[in-house]
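Atom set for the values below is all heavy atoms of this structure, side chains included, hydrogens, waters and symmetry mates excluded. Because the structure is a prediction, the values reported are computed rather than measured.
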Amino acid sequence: MNIQYPYFPEDHSILYVEMDNSSMQEAKAYAKEHSIDKHQPTGALVVKDGKVIGRGANGSEYHKTHECERVKRGIPTGQGYELCEGCHPKNHSEPRAIADARKNGHDSRGADLYLWGHWWCCEPCWTAMIAASIKDVYLLEGSEKLFNKAHPENVIGRQFADVQ
């Protein structure tokens, strides 16, 4: 696949799975139940030896009472996270899933991460995954269209109804 990601670290890769993958289904269910970001909810699972060891969903209460500075300024996805408390990477699914694994006493070295609801991982999330020694990152097949705000065939706003 020749996808132009806004950020992608050298010597790493993204793998893709169909929606019938059990880990992707669980990541979707976790996003639906736990994400605070109602516009683009995401869910991440850290999976090691076939067992889920960490879960995370994105979002922050900040956007309920404050306007997003990034949106006000028209800042592209993946940039300017430091301008908005609600967009800060600490509120992203990937680092939250890694933190959950650690909190529960699990070692993430060699584990895989499944991300539902987005089509790429930002630099701070890649940094967290690399530091945690995540082995493989899995996205949903077709996510570069489904979850990309700029793609005319996206399902933003109807993710749970349209992505079976």
Rounded distance [0.5 Å steps], [atom1] in [X] versus [atom2] in [Y]:
| X | Y | atom1 | atom2 | answer |
| --- | --- | --- | --- | --- |
| Ile36 | Asn58 | CD1 | CG | 8.5 Å |
| Met24 | Leu139 | CE | CG | 6.0 Å |
| Trp119 | Ile14 | CH2 | CD1 | 9.5 Å |
| Gln79 | Arg70 | CD | CZ | 8.0 Å |
| His12 | Met129 | NE2 | CE | 8.5 Å |
| Leu140 | His118 | CG | NE2 | 13.5 Å |

Angle between ring planes, [X] versus [Y], binned at 30° and 60°: parallel, tilted or perpendicular?
| X | Y | value |
| --- | --- | --- |
| His66 | Tyr62 | parallel |
| Phe8 | Trp126 | perpendicular |
| Phe147 | Trp116 | perpendicular |

Co-membership, hydrophobic cluster, residues [X] and [Y], 4.5 Å side-chain:
| X | Y | value |
| --- | --- | --- |
| Ile134 | Leu115 | yes |
| Met19 | Val47 | yes |
| Tyr30 | Val52 | no |
| Trp120 | Ile75 | no |

Checking the side chain of [X] only, and the main-chain atoms of [Y] only, is there a donor and an acceptor separated by less than 3.5 Å?
| X | Y | answer |
| --- | --- | --- |
| Gln25 | Ser23 | no |
| Asn154 | His151 | yes |
| Asn91 | Ser60 | no |
| Ser133 | Gly110 | no |
| Ser108 | Ala132 | yes |

Is the closest side-chain heavy-atom distance between [X] and [Y] below 4.5 Å?
| X | Y | answer |
| --- | --- | --- |
| Tyr138 | Leu113 | no |
| Cys121 | Tyr7 | no |
| Pro6 | Cys122 | no |
| Lys149 | Gln40 | yes |
| Cys87 | Cys68 | yes |

With salt bridge (charged side-chain N to carboxylate O under 4.0 Å, His left out) as the rule and sequence neighbours excluded, what pairs involving [range] come up?
| range | value |
| --- | --- |
| residues 86-109 | Glu85-Lys90, Asp100-Lys103, Asp107-Arg109 |
| residues 43-61 | Glu26-Arg55, Glu61-Lys64 |
| residues 121-137 | none |

Discussion item. Applying ring-ring contact (aromatic ring centres under 6.0 Å, His included) as the test, list every pair that has at least one member in residues 86-112; sequence neighbours left out.
Written reply: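 Qualifying pairs: Tyr81-His92.
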Fill in: Asp11: side-chain contact (heavy atoms from CB on, under 4.5 Å) partners, not counting sequence neighbours
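Asp11 satisfies side-chain contact (heavy atoms from CB on, under 4.5 Å) with no residue once adjacent residues are dropped.
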Worksheet item: Under the salt bridge (Lys or Arg N to Asp or Glu O under 4.0 Å) test, which residues partner Arg73, sequence neighbours left out?
Response: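 Testing Arg73 for salt bridge (Lys or Arg N to Asp or Glu O under 4.0 Å), a comparison that skips the adjacent residues, returns Glu69.
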